[in-house]
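All heavy atoms count here, side chains included; hydrogens, waters and symmetry mates do not. Predicted model only: the values in this text are computed from it and were never measured.
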Amino acid sequence: MSFQLSDYHYDLPEELIASHPLEKRDASRMMIVDRASGRITHSHFREFPDVIRPSDLVVLNDTKVIRARLVSANGRTEVLLLENTAPRTWKAMVKPGRRFREEAEVEIGGTTVRVVSILPGGERLLEFAEDPDLAAHGEMPVPPYFHRRAEQEDDERYQTVYAKNEGSVAAPTAGLHFTPEVLARIPHVFLTLHVGAGTFLPVKTDDVRQHVMHEERFIIPAETAHALNAAQRRVAIGTTVTRVLESQPDGPVRACEGRTDIFIHPPYAFRRVGALLTNFHLPCSTLIMLVSAMAGRELILEAYAKAVEERYRFFSYGDCMLIV
């Protein structure tokens, strides 16, 4: 167990970062990490229904990514919408900041935005002259480590096949591997967590316990709560589902809406999640700390070293890991 940020670092060759998806969603490789034995094996995601137990309940995040990135015609001004807080008013990340001073007006996305205020974290509260037409002017907010702008295929592939509730600015990437055929073979339920841009923010404190976690909105429907309470083992699809489930108070899970800023890192003891499917995460990120809390930091770093050795594909469009 370690609280030092540097202890969650690993070396990753740049060429292993997957900037485009595979032709078939379920063709991804799947590393299986057994916590009890420490055994690491290799499979493919299409085998996922055969690997989990028949009595498991698979829990997925049905959030839908919005076309949240607005870029000016000259490419010099950019807005990443984070949350619609009031009519025509959005919390957003902007660049360059000097053009978005308080009360400034900026032409972008086919309309004018006024900077209402600058928030403590540097985000802006923006008021649009008219509702932004995201279908016409927005881009899919693909991650910065793609080192490219969004392309036409991202409209479909940076979205799960079961995406339903609009509100995310990043995909719940563990769900990108699923196809309707795979879903049909597993018992599953949905909840919603709208993924914020904070998922990309780096940890800036040497002692990870001092990191302030971003907050995200979630919904647990009544039918999902009922199924969760009857389940023998809950298999979380992604860190977003894990954060929702682990943020619930002791006792039966109840249907609810809320926000969570839970930060899961070693030596956290999981209460709700029995297994986790997740992608491979950035070095020193809060996400690699979460999986380290589940499987142990040493075992996770060993697994990541094997993934590099075996040339797995990393990050949002990459391969996946099943921790059991």
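Salt bridge annotation for R259-E215: present, with a cationic side-chain nitrogen under 4.0 angstrom from a carboxylate oxygen. A salt bridge links R209 and D207; the closest N-O separation between the charged side-chain nitrogens and carboxylate oxygens is under 4.0 Å.
Checking side-chain atoms of R35 against main-chain N and O of V324 turns up a donor-acceptor pair under 3.5 Å. The backbone N or O of T63 sits nowhere less than 3.5 Å from a side-chain atom of E166 that would complete a donor-acceptor pair.
Nearest heavy-atom pair, P141 versus L80, reported as atom, atom and distance to 0.1 Å: CB-CD1, 3.7 Å.
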> Can R124 and E102 be said to form a salt bridge (Lys or Arg N to Asp or Glu O under 4.0 Å), step by step?
Replying inline: CA-CA 9 Å; R124 268 54 168 182; E102 203 160 296; over 6 Å; no
>> Using salt bridge (Lys or Arg N to Asp or Glu O under 4.0 Å), reason through E83 and R217 one step at a time and then give a plain yes or no.
In response: CA-CA 10 Å; E83 184 177 351; R217 298 168 290 149; 3.7 Å; yes
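Donor-acceptor pairing under 3.5 Å is lacking for the side chains of Y158 and E153.
Every residue two or more places apart in sequence or in another chain was checked for a ring pair (Phe, Tyr, Trp, His ring centres under 6.0 Å) with F218, and none qualifies. In terms of the side chain to side chain contact (heavy atoms under 4.5 Å, CB included) criterion, residue partners of V161 (sequence neighbours excluded) are, by chain and number, R25, P180, L183. Under the ring pair (Phe, Tyr, Trp, His ring centres under 6.0 Å) criterion, F178 pairs with F45, F48, not counting sequence neighbours.
Aromatic pair Y317/F315: ring centres not closer than 6.0 Å.
Each of D62, N61, L191 was evaluated against N165; a single residue qualifies, D62, per the side chain to side chain contact (heavy atoms under 4.5 Å, CB included) test.
Note on ring orientation: taking the six-membered ring where Trp is involved, the planes of H265 and F3 are perpendicular (angle over 60°, cut-offs 30° and 60°).
Relative to the six-membered ring of Y312, R29 meets both conditions, a distance below 6.0 Å and an angle of at most 45° to the axis.
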